[in-house]
Engineer: 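Just passing along the structure, written as structure tokens.
What you see below is based on every heavy atom in this structure, not just the backbone, and it leaves out hydrogens, waters and symmetry mates. Chain letters run A, B, ... following the sequence lines, proteins first, then strands; residues in each count from 1.
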Amino acid sequence: MSPKDYNPQIIEDKWKAYWNQSKLFKCPDNPPSEKFYCLVMFPYPSGTLHVGHGRNYIIGDVVARYKMMKGFTVLTPMGWDAFGLPAENAALKRGLHPKKSVRDNIDNMKRQLHLLGIGYDWDREIASCDPEYYRWTQWIFLKLYERGLAYRKNAPVNWCPSCNTALANEEVVNGGCERCGTEVVQKALYQWLFRITKYAQTLLDDLDTLENTWPKKVLLMQRNWIGRSEGARAVFTVESTGEELPIYTTRPDTLWGVTFMAIAPEHPLIDRLVKGTPYEEKVMEFCNRLRKRKRVVRGEEEPVKEGIFTGHYVINPVNGDRVPLWAASYALMDYGTGAVMAVPSHDQRDFEFAKKYDIPIKVVIQPPGKKLVVSEMTEAYVEEGEMVNSGPFDGTPNMEGIKKVTAFLKERGKGGPEVNYSIRDWLISRQRYWGAPIPIVYCDKCGEAPIPEKDLPVELPDEVDFTPRGQSPLAFVESFVNTTCPKCGGPAKRETDTICQWLCSCWYFLRFIDPKNDREAFSRALIDKWMPVDQYIGGVEHAVLHLLYTRFVVKVLCDAGYVSQKHREPFASLFTQGMICKRTYACTKCGHIVSDSPTVHEPCRCDYGMSLNDRIEKRLDVTDTLDKMSKSKGNVVSPNELCEKFGTDTLRLYELFIGPPQYDAEWSDKDIKGAERFLLRFWNAVTEDLERLSGCAGDYETLSARLLEAFRGGELKGETKHVFQETHRTIARVTGDIESSWQFNTAIAAVMELLNTLRATKMGDGDSGCKVKRYAFESMTLLLAPFVPHICEEIWEMLGHAPSIFKHGWPKANEAALKRDEIEMPVQVSGKVRGRITVAADATEDEVRAAVQGNESVAKSLEGKTIVKMVIVPGKIVNIVAK
RNA sequence: GCCGGAGUGGCGGAAUGGCAGACGCGCCGGUUUCAAAAACCGGUGAGGGUAAACCUCAUGCGGGUUCGAGUCCCGCCUCCGGCACCA
């Protein structure tokens, strides 16, 4: 092998070592130039990365390196979301203590990130399970507690029987646990919650400031999740006791149509009302059964509406109507007031319920041009119409009626306008071991008492049997539980639940700015220098959970004065990358996955007397689906072997070329060859000509300026001039593709085109030919550097420049050099291309018309036709309309 | 049901309302080789035509606006994602 052969292993090792030693990614506390905080969501240490994860970090690395070349002081930190269920479950599976397992996994993943050539300021590395870190997570808990935003209550919660812990609403997906899919059940427990509902409106409002910098999809998901609804409160009265029973409705215009009231089975009022009445036994039986019901699962049929009459009546505030009070399955305790005014005529749910239990239906909105007859209705009428049977509002259009009736309620002291949100408070207690202990103790005398800040962290004990068993494992550790009350000094017991890991990831980007601070969580002055995160990159699966929680916590920290109010939104720009997917094959005979991966639980064992690949190739009883890479599907591709076989740069190039980064992409083992071939051609093109290129060595900027001067002076001719201009066009295209929407695939394609052009062009051996060629190669090297950093560093050095290429500025395209002298214009006849003309780029319409008239094939197409109209779009196209 | 996103060659994917298919993969032919791989050169949407010139059709389906529509408007179909007994 000659020294000029492309050997990725050698040069990649060389430059990785160089970046490490020269601390290329080391970021000072005080930025010497405009700062750029580039952050990829920190991962939980699962153990190994596959190429799907890799894409994420590569994208972040491209942005960081590009911004560096643009002259920014770039902060790119990395750390580990090391606390929490996934990490603990992984440890349990391996039979290791999470502390050890997390450490192993971090080491391995860090190696893999190095392998991928991703640059981070590792001096800022943090792991959320380190006491120096979770000390401040606990501190944040206390800050919320102080502000009345953390509270404890006994309520039914979502419980995962497999993970043996309570879950937040956000962690319940399709009625199952987000992590393991097990059906979630309801369980009553004392739990700690954060009052995120108090921030619902500001969480909603501030989304407006992110309109152009966050994906629309994420904004929408957050808005849906917060679920603001505007309506009215109407206060009904329980006839027997005279107590008030308020309801929330978005349709106050239908108040006159109320024929019953539905109240949630969980509602405490029921217990009191039926006590000692003949209804008690049956109603309580019904309620107790419903209180344990499982959540509604999407995709499944709508649950049957059930209910039972409580024996009580309520009085309608607007017309004094006396209507029965029912306990009903479809009334939800935790939305509105837990009671619903039921208008069967104009609400589909109420309609179904009324039909089932034979409750009267009363029409109060009439559609335009029709007349509703109760006996003929098969569904509720929910469209607009005119109010009828509504006392003083008869004849009012119902949309107007909504406002008027709301005001009417307010005047009479029976309610008024009200806003509701569907977001619920955030449940943060977990009955598992691997998390930060909640810093609270319970004292017989003082009750609930927070741990003083100076006593933080409340350390998680190591010697614990952490098998999940439905109660926090810490509850069995006496040395942990028994303590003294920080208020009175008497005996007290510690809270034994741990904080869910979402809180750990709510503030890690603040800690990255000041990672070693042992006096405070972070310095406000440094936060002001570095926040916000200019570019946040991560998976769309965090659209609600992580991103909503984080926005909430940051707002609280702002309100508490630890972070400036100007940083209420921590992530100025958000990018959600698509997943890398791969085909998964399943056997149509046995239904199992056809794979030889050891991570597949029960692979297909049907014998076809050939290799699995051959069987798949021949499609023998196999179906395929495109799935996200995962161990359980056996479709993961490891970057390690690919880096070894092709080199890191090739892998990076392929992952970037695979498609637009915001979309999912299908992995193909074949296509990576294209990336390899391109790098090889690039390398060979430079090395083959190196001697000649060295003959005109010099500073890139000087060369660039000289050539531009020569171009302007008309000294560049023919193909030399062409290549010079194409180089400028490529610079413009690549820069545009990166800046506009991270179209790395087309940016790379542009450089490929330039290389193709260069290889197909015979430039003279003269001085300017050599210079232009050098200029083209140097520009290509700079343009490719963020994507394939190792090979570019090497070529940059070979071309006689001092490393690092990332200290060099990004190339600039010159407007004048982009302009073409002559252009070819297609000439259409009635929309079909029938000829081409070559004209000056700035040709006038008359000149174009003359050229068209002189064109033979156009003339031929026009034979026997008359020209109706000629549309000339200067610089683009000519279209002749002819009959 | 409601709200998003997508649908383009054999495949991944390009196209400010202006030549559809850039770039790459795959495939076909050639050069090189004892042979193969690699590399290099050429070809490659479909149909017709003579392997030329040329013609016709083609961006999920059906309409519309326009000199001109993958792109804009209206109505559908399919797939993916989110939300949903939220009053």
Engineer: Within the side chain of A:His346, is there an N or O that forms a donor-acceptor pair under 3.5 Å with the backbone of A:Tyr381?
Structural biologist: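 It does hold such a pair.
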Engineer: Just to be sure I understand the rule, does A:Val881 reach a base, reach only the sugar-phosphate, or reach nothing, if contact means heavy atoms closer than 4.0 Å?
Structural biologist: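 Sugar-phosphate, backbone atoms only, no base.
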Engineer: Kindly say whether A:Leu755 contributes a backbone atom to a donor-acceptor pair with the side chain of A:Arg681 at under 3.5 angstrom?
Structural biologist: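 No: the side chain of A:Arg681 does not pair with the backbone of A:Leu755.
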Engineer: Over all strands shown, is A:Gly578 touching base, sugar-phosphate only, or nothing at heavy-atom distances under 4.0 angstrom?
Structural biologist: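 Nothing, no nucleic acid heavy atom in range.
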Engineer: Does the side chain of A:Arg223 get closer than 4.0 angstrom to OP1 or OP2 of B:rG82 through an N or O atom?
Structural biologist: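 Negative; the distance criterion is not met.
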Engineer: Using a heavy-atom cut-off of under 4.0 Å over every strand shown, decide if A:Asn756 touches base, sugar-phosphate, or nothing.
Structural biologist: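 Sugar-phosphate: the residue A:Asn756, judged by heavy atoms under 4.0 Å, touches backbone atoms but no base.
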Engineer: Pick base, sugar-phosphate or nothing for A:Arg228, based on heavy-atom distances below 4.0 Å to the nucleic acid.
Structural biologist: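 Nothing: the residue A:Arg228, judged by heavy atoms under 4.0 Å, touches no strand.
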Engineer: Ignoring hydrogens and geometry beyond distance, is the side chain of A:Lys876 in donor-acceptor contact with the base of B:rU16 at under 3.5 Å?
Structural biologist: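 Side chain to base: pair found, below 3.5 Å.
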Engineer: Give a yes-or-no answer on whether the side chains of A:Gln201 and A:Arg228 include a donor-acceptor pair shorter than 3.5 Å.
Structural biologist: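 Yes.
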Engineer: Quick one: which protein N/O atoms are closer than 3.5 Å to N/O atoms of nucleotides 26-29 of chain B? Pair and distance per line, please.
Structural biologist:
from	atom 1	to	atom 2	distance (Å)
B:rG26	OP2	A:Arg677	NH2	2.8

Engineer: Quick check: A:Tyr654 with A:Trp667 (ring centres under 6.0 Å apart)?
Structural biologist: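 Yes: the rings meet the under 6.0 Å criterion.
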Engineer: Using a cut-off of 4.0 Å between protein heavy atoms and nucleotide atoms, how would you tag nucleotides 3-15 of chain B 5' to 3' with B, S and -?
Structural biologist: SS-------BSSS
Engineer: A:Arg836 near the nucleic acid: base, sugar-phosphate alone, or nothing, with a heavy-atom cut-off under 4.0 Å?
Structural biologist: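 Base: the residue A:Arg836, judged by heavy atoms under 4.0 Å, touches a nucleobase.
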Engineer: Could you check whether A:Arg759 gets within reach of a base, just the sugar-phosphate, or nothing at all, counting any heavy atom under 4.0 Å?
Structural biologist: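 Sugar-phosphate only.
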Engineer: Both distances below 3.5 Å, Watson-Crick or wobble geometry, any strand: find the nucleotide opposite B:rC40.
Structural biologist: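 By the stated definition (distances under 3.5 Å), B:rG30 pairs with B:rC40.
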Engineer: Output yes when a side-chain donor or acceptor of A:Lys356 lies under 3.5 Å from a complementary backbone atom of A:Lys305, and no otherwise.
Structural biologist: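 Confirmed, A:Lys356 side chain pairs with A:Lys305 backbone.
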Engineer: Indicate, with a heavy-atom threshold strictly under 4.0 Å, whether A:Ser668 touches base, sugar-phosphate, or nothing.
Structural biologist: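 Nothing, no nucleic acid heavy atom in range.
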Engineer: Got a donor-acceptor contact below 3.5 angstrom from the A:Tyr335 side chain to the A:Ser422 backbone?
Structural biologist: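 Such a contact is absent between A:Tyr335 side chain and A:Ser422 backbone.
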Engineer: Do you know which of A:Glu824, A:Glu856, A:Glu822 makes salt bridge (charged side-chain N to carboxylate O under 4.0 Å, His left out) with A:Arg836?
Structural biologist: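 Option passing the salt bridge (charged side-chain N to carboxylate O under 4.0 Å, His left out) with A:Arg836: A:Glu824.
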